[in-house]
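Step one of this worksheet: look at the structure below.
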Amino acid sequence: MKKQEENTQTGLFGIHHSNREADAHWGKNCFNSSFPASLACYMLANKVKAIYNKLAVIDGELRVIASEISLIDVFNCGALPLEKLDFIFESVFSPYQQYSFDYIDGIDLIIQDIDGTPLAPLEVKLTVLPTASTSHLSEEHWGCEMVVRSATTSYCALGMFDAVRDHAQAVREIFEDVCSDIQSWDNDYEMTHKTPYLSAQIDVFQRKYLNTQKPLLMQTIWKTQGQSPMLADNAFDIVVWSDYAFSRLFVDSAFRVERTMSRPMRASARLARCLWELSKSGKIRIRDIYRQMAFGNQTDKEFAIQGAKWRKYVSSDRIVTPILHKDALGEIIKPGYIDRLMPERRFDQTLYFTVRIKEEERELEKA
C-alpha cells in the first residue's frame, strides 16, 4: 500500500505515513487502532504523558504500580518528529523474527522511521469506561474490559527475552530445574500441577531483570456518562502496560492448582516455556508451542479481564478524571472526517453525536 504523505489525507492528527490507505483508517476493525495511534500522537505533540502501568517490588512483593511515561518513550522515537514516523498496522516486528523458526504473528501497531527502521511493537486496545458490570458502582470503581490475543502474550515473551538475550545462561538457570522436569507440555494433569512452580520462576526472573521491562500494550480509554452513549467531559486517556506489568494479569492467577488448565495458567506456562527454550538455543518454534499447549481452548484468544479486576491493576487517579477533554476531538479528527464513521458501532456513535452536538451549539451561538 502507498504511504500517506500529508496529515490532511488521513484526517487523523499525526499520522503522516502509514501502510493504510487514507479511507481505510475509518473502516471496520481499523479505526479502533488508527484512532488510538492518532490520540497518542496528539499527546506526544502536546507533551502530555500517558499512564504507565509497570511492575515494581513494593514491601518485598511484586506489584503493578501506576506512574507516567512520555509517548516519545512508548514510540521509542527519540527526537524524531511525527512527520518522520511511519505507522505500520497489523504487521510483524522484524527484530523478533530472529527468535523463531516459524513465522511470528503480527502485532497491532509497529512504529518505524520513514527509512523503515523498526522502533517499537505495540498491541493497541480501545476500551470504554465504564463496563456494564462496573457502571452501577461508585465512579472510582469503574473499570474497563480487555480481551487479549495469543499474539500479545507471544510478543510479551519475545520482548522479555530480547531485552535479556545477553544473559541467556542466567535465564536458563532460573527455569532449568522446573522446566526440564516436565514430561509433556500438553498434558493437562501434569501442567495443572507444575504451572504454579513455573509461575514462581517467572517471579524470580522478573525480580532479577525488572529494569528491562518496556512498553507492550497501549490501551486507549474513552469515558462515557455512565452507560449513556455521551462522552464524559474528561473523556480520553492512555494506559500503557509494560510487558512485565501486562504479564501479571495472568501470572498472578496461575499459582493456584486447578482441576484443569485455566487460561491464565496456560498463558503462564507458555511464557515460562518460551523463556526457557529461548535461553537454551536462542530460537524456538513459537507457533508450535502455542498450538501444542491449547488445552482444549481456542488458540487465538488468550484470556479476558473484566472491569473489576482491571481496576485493581490500574490504580491511577486519572481513571476517574481522564487527562484529555472531549473537545480535543476537534484537533484529533480533522473537520469533515467524522462523517466517514459508521454510527452502528458504539464508539463511532459516541464520537459522531458528540461532534454533531458541538457543531450545532456553535451554529446556535453564531445565530
Side-chain angles (χ1 to χ4, degrees), residues 1-27 29-52 68-97 104-126 151-152 155 158-159 162-163 213-222 236-243 323-324 328-334 337 340:
M1 293 184 181
K2 65 181 181 181
K3 296 177 181 178
Q4 305 307 316
E5 297 300 330
E6 299 293 338
N7 183 37
T8 51
Q9 288 184 305
T10 67
L12 290 167
F13 184 97
I15 301 182
H16 299 266
H17 306 277
S18 172
N19 65 333
R20 283 180 175 165
E21 298 287 348
D23 289 341
H25 289 288
W26 304 88
N29 299 327
C30 291
F31 188 69
N32 282 0
S33 53
S34 289
F35 177 81
S38 178
L39 184 113
C41 290
Y42 178 82
M43 291 175 67
L44 187 155
N46 288 278
K47 299 180 180 178
V48 178
K49 292 184 176 181
I51 300 165
Y52 189 36
E68 293 185 338
I69 188 170
S70 166
L71 270 301
I72 291 173
D73 294 327
V74 177
F75 287 177
N76 190 33
C77 61
L80 289 174
L82 292 172
E83 293 81 3
K84 298 293 186 181
L85 297 182
D86 203 352
F87 294 84
I88 307 300
F89 294 91
E90 298 174 17
S91 189
V92 170
F93 187 63
S94 56
Y96 289 175
Q97 184 59 60
I104 64 175
D105 288 325
I107 196 166
D108 287 333
L109 175 62
I110 293 168
I111 310 297
Q112 64 182 38
D113 64 26
I114 57 174
D115 294 322
T117 302
L119 302 175
L122 294 169
E123 189 73 356
V124 178
K125 299 294 180 187
L126 179 61
T152 317
Y155 268 82
L158 293 170
D162 181 69
Q213 63 186 308
K214 56 185 177 296
L216 169 68
L217 190 150
M218 185 173 74
Q219 181 183 12
T220 297
I221 294 168
W222 55 288
F236 299 106
D237 215 326
I238 291 177
V239 180
V240 174
W241 297 74
S242 79
D243 44 11
I323 202 161
L324 292 184
L329 270 178
E331 297 181 68
I332 298 167
I333 297 178
K334 300 304 175 184
Y337 280 84
R340 301 190 183 197

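We use all heavy atoms of the structure for the numbers below, so side chains are in, but hydrogens, waters and symmetry mates are not.
Sorted by first and then second residue, the side-chain hydrogen bond (donor to acceptor under 3.5 Å, both in side chains) pairs with a member in residues 34-52 read Arg20-Ser34, His25-Ser34, Tyr42-Glu331; sequence neighbours excluded.
In terms of modelled atom types and a separation under 3.5 Å, the side chain of Asp115 and the main chain of Thr117 share no donor-acceptor contact. Gln97 places a side-chain N or O within 3.5 Å of a backbone atom of Ile104 that can act as its donor or acceptor partner.
When the salt bridge (charged side-chain N to carboxylate O under 4.0 Å, His left out) test is applied to Glu83, no partner is found at least two apart in sequence or on another chain. Taking Lys214 as the reference, Asp243 meet the salt bridge (charged side-chain N to carboxylate O under 4.0 Å, His left out) condition, with sequence neighbours excluded. Remark: Asp108 engages no residue in a side chain to side chain donor-acceptor pair (under 3.5 Å) (not counting sequence neighbours). Remark: Phe35 engages Phe31, Phe236, Phe347 in a ring-ring contact (aromatic ring centres under 6.0 Å, His included) (not counting sequence neighbours). With sequence neighbours excluded, no residue forms a side chain to side chain donor-acceptor pair (under 3.5 Å) with Ser91. By the side chain to side chain contact (heavy atoms under 4.5 Å, CB included) test, Ser94 pairs with Pro118, sequence neighbours left out. Judged as a ring-ring contact (aromatic ring centres under 6.0 Å, His included), and not counting sequence neighbours, the contacts of Tyr96 are Phe93, Tyr155. Among residues two or more places apart in sequence or in another chain, the salt bridge (charged side-chain N to carboxylate O under 4.0 Å, His left out) test is passed with Asp73 by none. Judged as a side chain to side chain donor-acceptor pair (under 3.5 Å), and not counting sequence neighbours, Asn76 has no contacts.
Across Gln9 and Tyr337, no two heavy atoms sit closer than the pair O-OH, 3.5 Å. Here the closest non-hydrogen pair linking Val124 and Pro36 is CG1-CB, 3.6 Å. Shortest non-hydrogen contact noted between Val74 and Ala120 is O-CB, 3.6 Å. Here the shortest heavy-atom pairing between Asp105 and Ala151 reads CB-CB, 3.9 Å. Of all heavy-atom pairs spanning Phe89 and Ala37, the tightest one is CZ-CB, 4.1 Å. Here the closest non-hydrogen pair linking Phe75 and Leu85 is CD1-CD1, 4.0 Å.
One distance of note links OG1 of Thr10 with CD of Glu21; it measures 12.0 Å at 0.5 Å rounding.
Two residues are said to be in side-chain contact when any heavy atoms from C-beta on lie closer than 4.5 Å; Ile333 and Leu12 meet this criterion. Residues Leu44 and Ile72 have side chains in contact (heavy-atom distance under 4.5 Å, counting atoms from C-beta outward). Looking at heavy atoms from C-beta onward, Pro95 lies out of side-chain contact with Asp162 at the 4.5 angstrom threshold.
None of Val48, Ile51, Leu324 except one satisfies the side-chain contact (heavy atoms from CB on, under 4.5 Å) rule with Asp237; the exception is Ile51.
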Audit row: Leu119, Leu80, side chain to side chain contact (heavy atoms under 4.5 Å, CB included) steps and yes/no: CA-CA 11 Å; Leu119 302 175; Leu80 289 174; 4.2 Å; yes
Evaluate the criterion side chain to side chain contact (heavy atoms under 4.5 Å, CB included) for residue pair Lys84 and Asp113; output intermediate values, then yes/no. CA-CA 6 Å; Lys84 298 293 186 181; Asp113 64 26; 5.8 Å; no
